[in-house]
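Below you'll find the structure, written out as C-alpha cells, and then a few comments.
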Number of protein chains: 2
Amino acid sequence: MKNRIIDTAEKRFSQYGFRRVTMDDIASDLGISKKTLYQNFKSKDDIAWAVKERMHKDIDRLLKKAKKEIPEPIERFKRVIAEVTERVAVIGSAFMTDIKKDIPDLWRECEEFREREIYKYIGGILEEGIKKGKIRKDIDTKIAVMAYLGAIRMIIQPEILMENKFSIADAFDSILKIFLEGIQM
Amino acid sequence: MKNRIIDTAEKRFSQYGFRRVTMDDIASDLGISKKTLYQNFKSKDDIAWAVKERMHKDIDRLLKKAKKEIPEPIERFKRVIAEVTERVAVIGSAFMTDIKKDIPDLWRECEEFREREIYKYIGGILEEGIKKGKIRKDIDTKIAVMAYLGAIRMIIQPEILMENKFSIADAFDSILKIFLEGIQM
DNA sequence: CTCAAGGAAACTAATATAGTTTTTTTAGTT
DNA sequence: AACTAAAAAAACTATATTAGTTTCCTTGAG
C-alpha cells in the first residue's frame, strides 16, 4: 500500500507540484479514504519525503548499474537517458518551487541530488565522450543535460500526449535522435 | 504603469504560475502599493488577460515580420527562435494548469494560440525545411518544437542561472547549436 | 503650511485544505 | 440472518492564505 501511495503521489507531484496536490486527490486516485492514507503516512510532508527517498534510491541503482555494464559513453548515455530521464523529469519546477517554501530541507536534498547525480554524473558521461572525441567539444555538458531534461519534461505532460497523435515512445525517440545527432562529432 | 505591471506579472506568472503569485508580490516587485495596482487593473484575472493579450500581439508581430523578411527556412527558424522562444516559454505548465482551473476562457485562448501560432507556424518552417531537403525527414516537427521550448524553459529559470556559471546567451547558443545540428540533414 | 497622491499597514470576506472525527457501507464470519 | 471489524465517504475543525478594500502614514508639490 505504501508503494502505491508513493507511486500516485509521485505522479501527481511531478505534474502539479506539491501544494496543488491535495490529500483528497491522492486518496481519490487510489480509491481509498483519507483515513487509510493517514494510517500509512503521518502527513503530506511525509509522503513527499517518501517519494524523494524512493526516487533517489532507484536512480542511484540505475546509474551504478549503467556504469558497471556499459563502458562506452554514447551507449551509456543512451541507457541512462532511457531509464532515468522520465523519473528525473519529475523534479519539476512546480514541485521544487513549492517544497522550497514548504519543506526547505527536502528541497535542499533534492537540489544536491540533482546537482551530484544528474548533472555531474550524466554530464560526466558526456565529458568522457568529449575526451574520446565522440562528442563535440563546443557544448557545455550541463546545458546539454538540462536542455534534454527540459525537452523530456515538456513531452511527458499528460495533456500533451492526449492532444497529439504521437506516442510517448515515439516522442522520446525523436528527441533522443535530435540530441544525439546534435552532440556527436 | 500598466506596461510595467504587465512586465512584472508576466515574469512572475511565467515562473510561478498564476495562483502562486499574489497581488502583494507584484506590487512589491514594482515598489507600489496594492491600491495603486488596483487603480490600474480591476482584478488579478484582468492582469492575466493583459499579459496574454500583449504577449500574443508581440509574438504575432514577430512571426509576421520574420515571414516577410526571411525566406530561407533554417535562417527563419533561427530568427524566430531567437526572438520568440523566451516569451513563449512563459506559457508554462504551472501557469496553464492554474488558469485552466481559475480562468478557463483565458486558458482556451492560450491553448489555441499556442497550437496555431507556435506549433503550426514554427513547425511549418521546419516542414518547409524538410521539403527543401535541409532538415531531416525522420523527425516530427511538433515534437522538435516542443522539445526546444522545453529545453529553453528549463534554462530561463532564475535559480538555474544564478547557480551556474554560464550566461543565458551562452546557454541559448548551446541549445540552438545542438538543435540545429540535430535537425539538419 | 496645506493637500493630494501613493505607499504601508491593517482589515474583511472568502476560499482552500491538512488533519480529525463521525457516519455509512462492505465483507467476512458465525 | 445477525454481528463485527475495517474501510470508504462524508462531515467537521482549525488554520492558513489571499483577493480586494479601507485606513493610516508619508512624501512632495505648491
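In this text the structure is predicted, and so the values were computed from the model without any measurement. So you know, we letter chains A, B, ... as the sequences are listed, proteins then strands, and number each from 1.
The closest side-chain donor-acceptor pair between A:S28 and A:D25, if any, does not fall under 3.5 angstrom.
Taking a cutoff of 4.0 Å between a charged side-chain nitrogen and a carboxylate oxygen, B:D60 and B:K65 do not qualify as a salt bridge. The existence of a salt bridge linking A:R54 and A:E10 is confirmed by a sub-4.0 Å separation between a basic side-chain nitrogen and an acidic carboxylate oxygen.
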Under a 4.0 Å heavy-atom criterion, the protein footprint on nucleotides 6-14 of chain C, written with B, S and -, is BBB------

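For A:A48, the side chain to side chain contact (heavy atoms under 4.5 Å, CB included) partners are A:F13, A:F18, A:I103, A:L106, not counting sequence neighbours. For B:E181, the side chain to side chain contact (heavy atoms under 4.5 Å, CB included) test picks out A:R136, with sequence neighbours left out. With sequence neighbours excluded, no residue forms a side chain to side chain donor-acceptor pair (under 3.5 Å) with B:Q39. For A:K67, the side chain to side chain contact (heavy atoms under 4.5 Å, CB included) partners at least two apart in sequence or on another chain are A:R76, A:Y121. Every residue meeting the ring-ring contact (aromatic ring centres under 6.0 Å, His included) condition with B:F179, not counting sequence neighbours, appears here in chain and number order: A:F179, B:Y148. Scored by the side chain to side chain contact (heavy atoms under 4.5 Å, CB included) test, A:E53 finds A:W49 as partners (sequence neighbours excluded). Every residue two or more places apart in sequence or in another chain that forms a side chain to side chain donor-acceptor pair (under 3.5 Å) with A:T36 is listed here: A:S33.
Every pair passing side chain to side chain donor-acceptor pair (under 3.5 Å) that includes a residue from residues 170-179 of chain A is listed here, sequence neighbours excluded: A:S167-A:D170.
In this structure, the side chain of A:K44 engages the main chain of A:V21 through a donor-acceptor pair within 3.5 Å.
Taken residue by residue, residues 42-50 of chain A places no heavy atom nearer than 4.0 Å to DNA chain D. For DNA chain C, no neighbouring residue in residues 98-107 of chain A is found when judged by any heavy atom under 4.0 Å.
Think of the region where chain B sits on DNA chain D: with heavy atoms and a 4.0 Å cut, that region ends 5' and 3' at D:dT18 to D:dT23.
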